Colleague: 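The structure is given below, and queries will be raised subsequently.
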Amino acid sequence: MLYNTLDFAVFYGLVFGLYWFVFRDRLRIQNVLLLTASYVFYGWWDWRFLGLIAGGSLVDFVSSYQMSRTEDARRRKAWLMLSVVFNLGMLGFFKYFGFFVDSFIALAQSFGVTLGPRTLRVILPVGISFFVFQSLSYTIDVYRKRIKAATDPVAFLAFVSFFPQLVAGPIERASNLLPQFYKARRFDAEKAREGLRYILWGLFKKVVIADSLGQCVDLAVAHHEAYRGSVLAVSVFLFAIQLYCDFSGYSDMAYGTARLLGFDLMRNFNLPYFARDIFDFWRRWHISLTTWFRDYVFLPLSKGKTNLSKAMLIRNYLITFTVSGLWHGANWTYVIWGVLHGLYHIPYILFPQLKSTIQQTRPPYTVPGTVRAGLQIGLTLGLNLFALMFFMSPSVAHALSYMGHLFTPSLFQELNDFRLEFAGALAFLGLEWVVFHYRKHHPLEIGHWPAVLRWSVYYAMVLVILYFNYERRAFIYFQF
């Protein structure tokens, strides 16, 4: 059930109507409705996997509840291990079974041993990486005594399966989202208007920009031998904009739909392509996942120490980003993408003066300051684009072939394809720069505009979305 379909519009309309007009001021029933709606939403993809999300949620609920009832360190750790093993075992089987088996077969063949092909084909449940990480972070936080264990199973199951952000995040923390299921929610007209603006802007990014650019990217990836290097280079840039608009568009719609129901989700993107170094980029890109890996992988590797040696920091970054790459998919291309981002951190660790501070994310508007910021932004974007050539490719061999055709004399030839799309992507970045400069969250923060002008913008965007909504592509991150 995609956000840009009539099915979702009808589904959400029914949920919204029951939620606010029939069950208003009845918190328990509202939560039951949200839980039911979330399971219907997830079952719409494939009802067979409802047992996974329900079973995992119950295991984590019971594990955390039992941890809260004892101070015995061994028992607490045993309940934690039950949750960790169940969640990671479920994730590992459904997402990585084929990857590891195929890799083992290929390794055996490199030593001259021929093994038969595997016969078990495992279907990947949509969004499994997101809801597993969300639920797992809860049990770890209960074990660390950072939050109290939930006592209301309905509220907890609704928290894990909350449909606005279920299949592609943001990966919410229990400390932020779970308490919102315990509090009475009141309809707020201003929050509702803000939510609608987020939904409209998210739909525009997904339908008009991401899906349109996706057609060009698909052609370039599938037939890269037929294109000039200049076209292939532009196609990587188009993929970067496609990926960003696709994923951040989903996050905007998730934020907006949750906002209409009285919930506040975390912000998952903050204009990442204006980052001035790789650290700044990961403060802005997929923030919920970045902070998850920071808290549950990077910091545990550091064992609570703050004065780590540079060698230890490099090790921790390489491990964290390699695992992050594997999280994205069961393919060596994602692993290489993660390793590259780990390697990108090394110069900044060895030479800390290269890092920009948070206060420097906007350049001082002098000629030297602007030039310096532009070079930093360009370098960071270039590093991202190089890694994305692996991310966008179906295999490592394909990525290397793509690079081989890109880095040729034709790279400097005139761009003869995708000119309009390239101009559109640059125009989008220009609009993002305006948002960045004025410290806004999105371009539709225009509530102070005259009503005629404001509604003209809204109606124009709706018409453009309807015009482009002919090829409904699934969100890219659904496969993760």
Side-chain angles (χ1 to χ4, degrees), residues 130 133-134 164-165 168-173 175-177 194-195 197-206 209-210 237 240-259 263-295 298 320-321 324 328 341 344-345 348 355-364 373-374 376-385 387-388 391 425 428-446 475-477 480:
F130 289 90
F133 269 33
Q134 180 160 308
Q165 45 85 227
I171 304 171
E172 280 288 342
R173 301 297 180 85
S175 58
N176 175 50
L177 184 56
E194 182 186 9
R197 293 188 190 106
Y198 267 97
I199 293 172
L200 182 59
W201 179 235
L203 277 170
F204 184 86
K205 285 196 289 186
K206 164 61 178 170
I209 302 174
F237 173 71
I241 303 300
Q242 177 201 0
L243 183 66
Y244 169 60
C245 289
D246 189 280
F247 195 13
S248 68
Y250 177 91
S251 296
D252 288 342
M253 287 182 270
Y255 184 91
T257 52
R259 194 80 164 159
F263 289 86
D264 292 317
L265 301 182
M266 69 177 296
R267 191 179 181 192
N268 210 20
F269 290 87
N270 183 19
L271 305 167
Y273 290 140
F274 297 118
R276 291 174 63 174
D277 61 53
I278 206 66
F279 286 89
D280 191 22
F281 175 80
W282 284 105
R283 288 194 296 261
R284 297 168 174 275
W285 177 275
H286 202 349
I287 300 169
S288 64
L289 182 67
T290 302
T291 54
W292 198 100
F293 276 108
R294 178 198 65 196
D295 293 343
F298 185 87
T320 300
F321 277 96
S324 174
H328 280 80
H341 273 276
Y344 291 162
H345 284 73
Y348 297 98
K355 285 197 297 183
S356 63
T357 64
I358 295 177
Q359 289 76 23
Q360 289 177 328
T361 51
R362 293 203 314 170
Q376 291 173 323
I377 291 171
L379 174 61
T380 305
L381 181 59
L383 293 173
N384 274 291
L385 294 180
L388 282 177
F391 198 97
F428 171 77
L429 275 187
L431 181 60
E432 288 269 288
W433 174 259
V434 174
V435 174
F436 180 66
H437 174 68
Y438 288 103
R439 300 184 185 274
K440 295 181 179 292
H441 290 156
H442 59 80
L444 293 184
E445 292 184 26
I446 55 177
F475 289 88
I476 294 173
Y477 267 68
F480 304 143

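Here the structure is a predicted model, which is why all the values come from computation and not from measurement.
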Colleague: Could you tell me which non-hydrogen atom of Y250 sits nearest to which non-hydrogen atom of P164, and how far apart they are?
Modeller: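 What the structure gives for the nearest pair is OH-O, 3.2 Å.
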
Colleague: Among residues at least two apart in sequence or on other chains, which ones pass ring pair (Phe, Tyr, Trp, His ring centres under 6.0 Å) with F247?
Modeller: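 Residues passing ring pair (Phe, Tyr, Trp, His ring centres under 6.0 Å) with F247: F269, H286, Y477.
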
Colleague: For M266, is there any backbone N or O sitting under 3.5 Å from a side-chain donor or acceptor partner on E172?
Modeller: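 Side chain of E172 to backbone of M266, a donor-acceptor pair under 3.5 Å: yes, one is there.
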
Colleague: In Å and rounded to the nearest 0.5 Å, what is the CG to CD1 distance from L203 to I209?
Modeller: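 So the CG of L203 and the CD1 of I209 are separated by 12.0 Å.
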
Colleague: Taking all atoms of both residues into account, what is the closest heavy-atom pair of D246 and K206, and its distance?
Modeller: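 Minimum heavy-atom contact is OD2-NZ, 2.7 Å.
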
Colleague: Look at the aromatic rings of F279 and H345 and report parallel, tilted or perpendicular, splitting at 30° and 60°.
Modeller: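 If you compare the ring of F279 with that of H345, the planes turn out perpendicular.
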
Colleague: How close do Y348 and L379 get, heavy atom to heavy atom, and via which atoms?
Modeller: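 It is OH-CD2, 4.1 Å.
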
Colleague: Mind checking whether E445 and Y438 have side chains closer than 4.5 Å, heavy atoms only?
Modeller: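 E445 does not reach Y438 side chain to side chain.
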
Colleague: Does a side-chain heavy-atom distance below 4.5 Å link Q165 with N268?
Modeller: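 The answer is no; the side chains never approach within 4.5 Å.
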
Colleague: Got a donor-acceptor contact below 3.5 angstrom from the W292 side chain to the F133 backbone?
Modeller: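 Side chain of W292 to backbone of F133, a donor-acceptor pair under 3.5 Å: yes, one is there.
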
Colleague: Walk me through it: do N384 and H341 pass the test side chain to side chain contact (heavy atoms under 4.5 Å, CB included)?
Modeller: CA-CA 8 Å; N384 274 291; H341 273 276; 3.0 Å; yes

Colleague: Which residues pass the ring pair (Phe, Tyr, Trp, His ring centres under 6.0 Å) test with F204, not counting sequence neighbours?
Modeller: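 F204: ring pair (Phe, Tyr, Trp, His ring centres under 6.0 Å) contacts with W201.
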
Colleague: Let me know which of F298, F293, W282 forms a ring-ring contact (aromatic ring centres under 6.0 Å, His included) with F321.
Modeller: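 Among F298, F293, W282, the one meeting ring-ring contact (aromatic ring centres under 6.0 Å, His included) with F321 is W282.
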
Colleague: May I ask you to decide if the ring planes of W433 and F436 are parallel, tilted or perpendicular, using 30° and 60° as cut-offs?
Modeller: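 The arrangement is tilted - the two ring planes meet at 30° to 60°.
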
Colleague: Which heavy atom of P272 sits nearest to which heavy atom of F281, and what is that distance?
Modeller: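 Scanning both residues completely, I find the closest heavy atoms to be O-CD1, 3.5 Å.
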
Colleague: So does A240 get a backbone contact from the side chain of Y273, meaning a donor-acceptor N/O pair under 3.5 Å?
Modeller: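 Yes; at least one donor-acceptor contact below 3.5 Å.
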
Colleague: Can any side-chain N or O of T290 pair as donor or acceptor with the backbone N or O of W285 at less than 3.5 Å?
Modeller: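 Yes: the side chain of T290 pairs with the backbone of W285.
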
Colleague: Can you check whether H328 reaches L289 side chain to side chain, under 4.5 Å on heavy atoms?
Modeller: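 Side-chain contact under 4.5 Å: yes.
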
Colleague: Just how far is it from atom CZ of R284 to atom OG of S248, taken to the nearest 0.5 Å?
Modeller: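 Between atom CZ of R284 and atom OG of S248 there are 13.5 Å.
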
Colleague: What's the spacing between I278 CD1 and R283 CZ if we round to 0.5 Å?
Modeller: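 CZ of R283 is found 11.0 Å from CD1 of I278.
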
Colleague: What residue among R267, K205, H441 forms side-chain hydrogen bond (donor to acceptor under 3.5 Å, both in side chains) with D252?
Modeller: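 When side-chain hydrogen bond (donor to acceptor under 3.5 Å, both in side chains) is applied between D252 and each of R267, K205, H441, only K205 qualifies.
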
Colleague: Quick one, F428 and Y244 - any side-chain contact, counting heavy atoms below 4.5 Å?
Modeller: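 Counting from C-beta outward, F428 and Y244 do come under 4.5 Å.
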
Colleague: Could you tell me whether the side chain of T380 and the main chain of Q376 form a donor-acceptor pair under 3.5 Å?
Modeller: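 Flag set: sc T380 to bb Q376 pair under 3.5 Å.
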
